[in-house]
Amino acid sequence: MFTESLKRRRLLTGAFLLSLILVFLLAGCTGRTQGQAAIASSHPLATAAGMEILAAGGNAFDAAVAVSAALAVVEPYGSGLGGGGFWLLHRAADAFETMVDGRERAPLAATRDMYLDAGGEVVSGLSINGPLAAAIPGEPAALVHIAERYGRLPLKRTLEPAIRLARHGFEVDPYYNRLVNFRLAAMQADTETARLFLQDNATPTVGHRIVQPELAATLEALAVHGRDGFYAGRVAEQLVDGVRRGGGIWTLEDLTQYAVVEREPVTGTYQGLRMVSAAPPSSGGVVLVTMLNILSGFPLQDLDEATRTHVIIEAMRRAYRDRAEFLGDPDFTDLPVARLTGTAHAAGLRESIQPERATPSGALPDMKLPAEGRDTTHFSILDSEGNRVAATLSINYPFGACFTPPGTGVLLNDEMDDFSAKPGVPNVYGLVGAEANSIAPGKRPLSSMSPTFVENRDGVAILGTPGGSRIITMVLLAVLDHAEGGTPQSLVSLPRFHHQYLPDMVQYEVGAFDDDLVGALQARGHVLKVLDAPYGNMQAIYHDRKTGRASAASDPRGIGLSEVRPVN
Ligand code: DON
């Protein structure tokens, strides 16, 4: 008996040593200079498109173009050529970092009060459904810009997978149908949108093929003519014609004038980690860094759970107050970014936090609860050279404005709703804004999209998520988890909670707080609301600098796929 178990133990030790040697050998093969590549995106077909481009010799930036374009085809509810986004890039060769701002712009004929009636009240739905809700798309220009300036392969090659998917179609899944059901009436109101994305004017059956020949032709025009393939010529004319026939205000000049802007990312530090995140017109980087600056004054790891959660909520509350008051398009308003992300500002905010009591939010501008956020999209990419991309792209609400100019296949965004239509009146996510985010011709609406890198000497995490106003607090919770040794899997799975200053309420997912924590937070004066559905769709990658190894994970709440590839 004794010798039997000894033998077995020796055998096991032998096997363990052997596998250890194998792991070291494998690590040697994958190399230290040539690291692993990885892609995490919210759709398996988009991840496959990116992997195809990496295998064809493309870098992370080429793959980002391919993934963005594929998502434009297979996630018509989330992002697309009719929308915009932010692509955060890191080039390994010279550590250059930039944010490609492909955010939509208000049409030149837009006016400050365009969504108000004669009595000065906001007309409900006008900034959400139909062509008047659509701002001038930025994604096509951004894809051309990234390909030309940072890519290695021609656009003709990187757009190939998307063109194929548009031409041959993809199968409807239950996730697609959930979002259709949410927007069915608005989709039925536009014949072209209904023809393309519904089946016999109703929710498609699972497995039904969505084929988009018009979108394939538009993507081809982009591949052949670059930005002129979208912003001039046939496609531009069809876009403007369709919008104007539907009651919108676009002109050809809007399209020719659209320009991508490269912006310096917002940076900050937290517990030895360097944060690189979205710059205005996203509020993401500023709000994230403010929250982390506030929290760096607390020994979070040593606090009991109730106190820890309490101070995180209080940090969220204070940073979202800044958002409402100060942030908008930096090309139109001077934004106090340096002050807001500075440590002195955070110290002031931190001092006002009472350890045992929630601070009532009462005195500041009203903010209402956001709607469920399941549209928009995020992907993270790392190539074998260490180039990386975090990109969050959007057409705003599910299926955007539910309006498709005939002949183009381009479903338009309703990003105009991210402006403050009237001071103090909340948008679809319950966010209110001030002058900094009022409507003006050519202006970019304020966003919460927060593609982010988090790095130190050991490695770098690449992450982001959709989710409307809750995006930034999701990224915050992920950064805190990462700082405490979390993996991509734990970052994306983490139960979530959120506070956005007003209404004065903590929203949380089932499982985020147990009964004891609920009791302890209520005793401190917090109003809690458990959400009936989970939110977010985070895509995360971690690159270990010492081993060159990558790990990646897609949010279990979505249908995304993450893949790690040995070497290019
Ligand atoms: O730019 C923004 O902040 C919004 N248009 C993002 C919308 C979004 O994430 C929707 N949700 N899942």
Side-chain angles (χ1 to χ4, degrees), residues 88 97 264-280 282-323 325-327 335-359 390 448 450-465 470-487 490-491 494 496-501 506 521 524 526 540 542:
L88 189 65
E97 272 163 356
E264 196 184 325
V266 167
T267 56
T269 52
Y270 176 74
Q271 293 197 350
L273 291 165
R274 178 171 173 266
M275 233 69 52
V276 182
S277 191
S282 173
S283 59
V286 173
V287 174
L288 177 67
V289 169
T290 307
M291 292 189 292
L292 288 166
N293 282 344
I294 296 173
L295 291 173
S296 64
F298 293 99
L300 280 194
Q301 269 120 306
D302 304 332
L303 298 179
D304 64 86
E305 204 186 0
T307 308
R308 174 191 159 94
T309 310
H310 167 73
V311 296
I312 293 173
I313 293 166
E314 292 301 315
M316 291 174 175
R317 179 202 305 277
R318 283 158 178 78
Y320 271 75
R321 175 195 162 207
D322 284 352
R323 182 194 194 277
E325 196 171 336
F326 299 111
L327 298 180
L335 309 179
V337 172
R339 181 174 73 78
L340 295 177
T341 57
T343 49
H345 178 63
L349 295 178
R350 191 186 309 123
E351 248 166 49
S352 69
I353 296 178
Q354 306 167 55
E356 291 302 326
R357 223 43 229 159
T359 308
S448 301
S450 315
T452 299
F453 303 141
V454 189
E455 63 177 334
N456 62 11
R457 223 177 313 143
D458 298 335
V460 58
I462 308 167
L463 61 118
T465 179
R470 299 183 189 129
I471 290 174
I472 321 170
T473 54
M474 283 187 258
V475 173
L476 171 75
L477 296 179
V479 170
L480 295 176
D481 187 57
H482 176 64
E484 293 174 17
T487 61
S490 67
L491 261 59
L494 217 62
R496 295 167 176 149
F497 60 93
H498 171 79
H499 195 296
Q500 58 177 41
Y501 189 68
V506 186
L521 290 171
R524 281 171 154 94
H526 291 286
Y542 181 69

Audit row: L327, L340, side-chain contact (heavy atoms from CB on, under 4.5 Å) steps and yes/no: CA-CA 10 Å; L327 298 180; L340 295 177; 4.0 Å; yes
d(T309 OG1, D304 CG) to nearest 0.5 Å is 8.5 Å
Could you tell me whether the side chain of D322 reaches within less than 4.5 Å of the side chain of Y501, counting heavy atoms only? no
Taking atom CZ of R350 and atom OG1 of T343, what is their separation to the nearest 0.5 Å? 8.5 Å
Restricting to non-hydrogen atoms, name the atom on A346 and the atom on N293 that form the minimum distance, rounded to 0.1 Å. CB-CB, 3.3 Å
Taking every non-hydrogen atom, the tightest pair across A390 and P451: O-CB, 3.2 Å
Would L491 and H482 satisfy side-chain contact (heavy atoms from CB on, under 4.5 Å), going step by step from the backbone distance to the final call? CA-CA 7 Å; L491 261 59; H482 176 64; 4.1 Å; yes
Could you tell me if the side chain of I472 sits less than 4.5 Å from the side chain of S283, heavy atoms only? yes
Do H310 and F298 have their ring centres less than 6.0 Å from each other? no
How about CD on E351, more than 12 heavy atoms from neighbouring residues, nucleotides or ligands closer than 6.0 Å, or not? no
Between V506 and L521, is any pair of side-chain heavy atoms under 4.5 Å apart? no
Any Lys/Arg nitrogen of R524 or E314 sitting under 4.0 Å from an Asp/Glu carboxylate oxygen of the other? no
Flag side-chain contact, heavy atom, 4.5 Å: P265 against T452: no
Give me the atom names and distance for the closest heavy-atom approach of S277 to G284. OG-C, 4.4 Å
Are a donor atom and an acceptor atom from the side chains of R323 and T290 found within less than 3.5 Å of each other? no
Does F326 have R339 sitting over its ring (NZ/CZ under 6.0 Å from centre, angle to axis within 45°)? yes
Any chance you could measure L300, atom CG, to I312, atom CD1, to the nearest 0.5 Å? 5.5 Å
Can you name the closest pair of heavy atoms from A483 and Q301 and give their distance? O-NE2, 4.4 Å
In this structure, CG of L480 is separated from CZ of R308 (nearest 0.5 Å) by 6.0 Å
Should V286 and L335 count as side-chain neighbours, where that means a heavy-atom distance under 4.5 Å? no
Atom pair CE/OH of M275 and Y270 - distance to nearest 0.5 Å: 8.5 Å
Closer than 3.5 angstrom, by distance alone: can the side chain of R317 be matched with the main-chain N or O of T359 as a donor-acceptor pair? yes
T267/R274 under side-chain contact (heavy atoms from CB on, under 4.5 Å): CA gap, chis, key distance, verdict: CA-CA 7 Å; T267 56; R274 178 171 173 266; 3.9 Å; yes
Between L88 and F453, what is the shortest heavy-atom contact and its length? O-CZ, 3.4 Å
Exceeds 12 heavy-atom contacts within 6.0 angstrom, atom CD of E264: no
Nearest 0.5 Å, what's the CG-CE distance between L295 and M316? 8.5 Å
Set out, in order, the CA-CA distance, both residues' side-chain angles and the distance that settles side-chain contact (heavy atoms from CB on, under 4.5 Å) for Y542 and D458, then state yes or no. CA-CA 10 Å; Y542 181 69; D458 298 335; 4.0 Å; yes
What are the two closest heavy atoms between S448 and I471, and how far apart are they? O-CG2, 3.3 Å
Is it true that S352 and R318 share a donor-acceptor pair across their side chains at a distance under 3.5 Å? yes
